[in-house]
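Just below is one structure, and these are the notes that go with it.
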Amino acid sequence: MGIQTMTFIVVGITFALYIGIALWARAGSTKEFYVAGGGVHPVANGMATAADWMSAASFISMAGLISFMGYDGAVYLLGWTGGYVLLALCLAPYLRKFGKFTVPDFIGDRYYSQTARTVAVICAIFISFTYVAGQMRGVGVVFSRFLEVDITMGVIIGMAIVFFYSVLGGMKGITYTQVAQYCVLIFAYLVPAVFISIIMTGHVFPQLGFGATLADGSGVSLLDKLDGLSTELGFNEYTSGTKGMFDVFCITAALMVGTAGLPHVIVRFFTVPKVRDARKSAGWALLFIAILYTTAPAIASFARVNMIETINGSEQTGTEYAQAPGWIKNWEKTGLIEWEDKNNDGKMFYSGDERNEMKVDRDIMVLANPEIADLPNWVIALVAAGGVAAALSTSAGLLLVISTSISHDLLKRNIMPNITDRQELFYARLAAATGIIIAGYLGINPPGFVAQVVAFAFGLAASSFFPAIILGIFHKRMSSKGAIAGMLAGIGFTAAYIVYFKFVNPAANVSENWLFGVSPEGIGTIGMAINFVVAYAVYKLNDEAPREIQDMVEDIRYPKGAGDAQAH
């Protein structure tokens with residue numbers, strides 16, 4: 001059976017499963033639409049959170065980044081994983097104890113200000129649209145190859161599916177759909193990794209194969225092989241880094257605190273019955289995420305070796321284009337691989353200098369990996385289904401944030417306080433539908449490759465929400481004026497920096513021109529520092545929070561009766 005037919009079958013089965021779950025779990029009230037009725041089991045919520053968070057950037061793009069960047073790509077592993085420790089320890093239980101549906105709801109009530117709520121809504125929508133652009137692009141990449149449609153049509157197909165189960169089911173439908181999507185994406189990620197690890201190193205577990213000796217009898221380890229190939233072809237050593245230490249620190253920190261400030265992740269901890277369950281959910285999510293994240297470096301390394309040897313041949317002299325393997329010709333149709341015969345010898349050659357004749361999009365590495373390794377068609381189809389599951393699961397969560405921010409925080413709590421529950425639900429679905437259209441446009445015309453766009457979203461979250469939430473929980477006297485000024489200063493600086501280097505003057509996007517040597521991917525850390533400084537300065541120049549707000553914060557952090565229990 002051909003790849004396209006097999007992909008239609010496998011992806012079609014998974015779509016039928018997602019739609020069936022959405023129909024079964026259809027939301028009938030705003031509480032079910034926003035937080036799934038607050039009755040999700042911590043293990044299921046941990047799975048849904050993992051699927052929500054492990055987006056197209058994690059499934060499709062992260063291993064591709066590591067494959068091309070080598071050691072420098074580790075910042076994405078460290079940042080995205082470390083953020084969950086912050087989330088579990090510093091935020092999840094307190095936000096759940098507060099009992100609000102959304103982050104803007106928390107900020108609006110904690111800072112006793114409709115202006116603060118409105119600023120938070122704007123930040124949430126801005127961040128979510130930046131993030132969702134990468135997800136819809138990921139959907140387009142998957143469909144463009146495996147369903148043999150162009151990327152635009154692939155994005156439109158993804159829009160239709162997300163529209164159905166996010167607008168119909170709300171958070172209740174999305175949660176149980178994401179449980180199924182996690183099972184699909186993790187199985188799809190591990191199966192080819194295990195197969196290739198056995199073929200290349202003899203180890204069943206890819207994590208062990210990553211540091212093992214190759215099974216070709218050479219006695220050379222996988223990483224030594226990669227270092228040798230990289231330097232021979234004009235690249236930096238695979239295991240050496242080229243980024244400055246401070247930039248690495250800033251990117252890692254931005255991804256970590258950005259994770260803890262992402263609105264679509266935080267809302268997950270309102271879907272469980274108890275405060276204790278919020279912390280348990282974060283722990284389960286970290287475990288489920290670790291399964292994929294510890295596998296990613298191995299997949300990146302396997303794919304890199306196989307790709308170079310397939311294109312350049314065993315002697316590194318180039319493979320005849322006429323005899324090129326099928327995967328190259330297949331991906332050429334999508335425009336994500338291009339060959340330019342610079343020396344007119346009819347051979348393909350891949351290198352890191354002026355000899356290079358191949359343009360390979362890093363976002364294809366995970367999806368093309370089974371084809372490069374010549375695995376069975378059903379494995380290739382399974383990976384396609386996993387990539388779609390990863391992209392759609394996060395897209396749905398982000399679109400729900402957009403819809404609830406508009407219907408609940410902007411309309412219900414601000415502009416139209418007297419609307420009924422039914423009207424609010426209608427506006428939430430209308431906002432989600434509008435959001436899908438805008439997200440589709442951004443997916444068709446993305447501002448960068450998938451993981452890069454997602455990194456920008458994390459930086460924006462780090463510079464806006466994280467300080468406001470941390471100060472709101474741990475600084476009971478912080479005032480509304482301080483929080484508003486900090487959010488505006490943080491996200492304004494970060495957005496301006498990204499826009500300048502990525503859109504206004506991309507030619508200047510080199511380390512010599514960066515502030516303190518910090519790249520646009522890491523500038524969210526500087527924006528976060530600006531947020532904290534501005535918020536504290538404005539707070540010191542104005543009145544502190546009212547006594548009732550301070551008492552409320554104390555109650556969140558130290559529940560009544562806790563001290564009495566210790567006294568006995």
Side-chain angles (χ1 to χ4, degrees), residues 61-76 200 214 218 220-245 247-248 251 297 299-325 327-329 331-332 334-366 368-369 371-373 448-452 501-502 505-514 517 519-521:
S61 198
M62 186 176 64
L65 277 173
I66 299 170
S67 185
F68 279 77
M69 297 170 64
Y71 179 84
D72 285 336
V75 297
Y76 292 89
M200 293 186 68
L214 293 170
S218 64
V220 177
S221 72
L222 175 66
L223 293 177
D224 285 340
K225 172 84 169 181
L226 267 174
D227 280 342
L229 285 173
S230 297
T231 54
E232 180 183 342
L233 296 173
F235 299 99
N236 295 308
E237 277 196 349
Y238 190 78
T239 56
S240 68
T242 59
K243 289 182 177 293
M245 184 176 293
D247 191 28
V248 169
I251 295 173
I299 287 182
S301 302
F302 298 152
R304 184 74 171 175
V305 171
N306 282 335
M307 184 194 74
I308 291 173
E309 292 192 335
T310 300
I311 293 174
N312 290 358
S314 58
E315 302 298 327
Q316 306 304 320
T317 58
T319 299
E320 292 284 349
Y321 179 74
Q323 278 77 51
W327 71 270
I328 291 179
K329 302 290 180 68
W331 282 100
E332 272 188 319
T334 69
L336 299 174
I337 287 182
E338 296 176 4
W339 172 59
E340 179 187 357
D341 192 5
K342 292 182 178 179
N343 57 5
N344 297 314
D345 66 351
K347 292 182 178 181
M348 303 176 296
F349 192 74
Y350 179 72
S351 69
D353 52 33
E354 68 278 357
R355 299 172 295 164
N356 182 48
E357 298 178 337
M358 299 294 298
K359 178 185 175 184
V360 182
D361 191 300
R362 65 189 69 192
D363 283 339
I364 75 167
M365 292 307 292
V366 170
N369 197 27
E371 290 182 272
I372 298 172
F449 58 83
V450 175
Q452 185 183 51
F501 282 114
K502 289 298 177 181
N505 192 9
N509 189 25
V510 292
S511 58
E512 291 79 10
N513 297 326
W514 295 338
S519 63
E521 289 79 8

Measure across [X] and [Y] and return the closest heavy-atom pair with its distance rounded to 0.1 Å.
X: L222; Y: S301; value: CD2-CB, 3.7 Å
X: K329; Y: A324; value: CE-CB, 4.0 Å
X: S67; Y: R304; value: O-CD, 3.2 Å
X: E320; Y: K347; value: OE2-CE, 3.5 Å
X: A63; Y: A300; value: O-CB, 3.2 Å

Tell me, please, which residues at least two apart from A373 pass side-chain contact (heavy atoms from CB on, under 4.5 Å).
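Here the qualifying residues are I196, N306, L375.
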
Would you compute the distance between atom [atom1] of [X] and atom [atom2] of [Y] and round it to the nearest 0.5 angstrom?
X: R362; Y: I364; atom1: CZ; atom2: CD1; result: 12.0 Å
X: M62; Y: M365; atom1: CE; atom2: CE; result: 14.0 Å
X: E332; Y: Y321; atom1: CD; atom2: OH; result: 3.5 Å
X: I311; Y: W339; atom1: CD1; atom2: CH2; result: 12.0 Å

For a 4.5 angstrom cut-off between non-hydrogen side-chain atoms, does [X] reach [Y]?
X: F349; Y: L233; value: yes
X: Y71; Y: N236; value: no
X: I66; Y: Y238; value: yes
X: L65; Y: Y76; value: yes
X: W327; Y: I337; value: yes
X: T310; Y: T319; value: no
X: K243; Y: I251; value: yes
X: E521; Y: V75; value: no

For the backbone of [Y] and the side chain of [X], can you confirm whether one donor and one acceptor N or O come within less than 3.5 Å of each other?
X: N312; Y: Y350; result: yes
X: S511; Y: G517; result: no
X: K359; Y: E340; result: no

Could you go through the salt bridge (Lys or Arg N to Asp or Glu O under 4.0 Å) check for K225 and E309 one step at a time?
CA-CA 11 Å; K225 172 84 169 181; E309 292 192 335; 3.0 Å; yes

Which residues satisfy the side-chain hydrogen bond (donor to acceptor under 3.5 Å, both in side chains) test with T239, sequence neighbours excluded?
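Partners of T239 under the side-chain hydrogen bond (donor to acceptor under 3.5 Å, both in side chains) test: D227.
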
Lys/Arg-Asp/Glu bridge criterion (N-O < 4.0 Å) met for R355, D353
yes

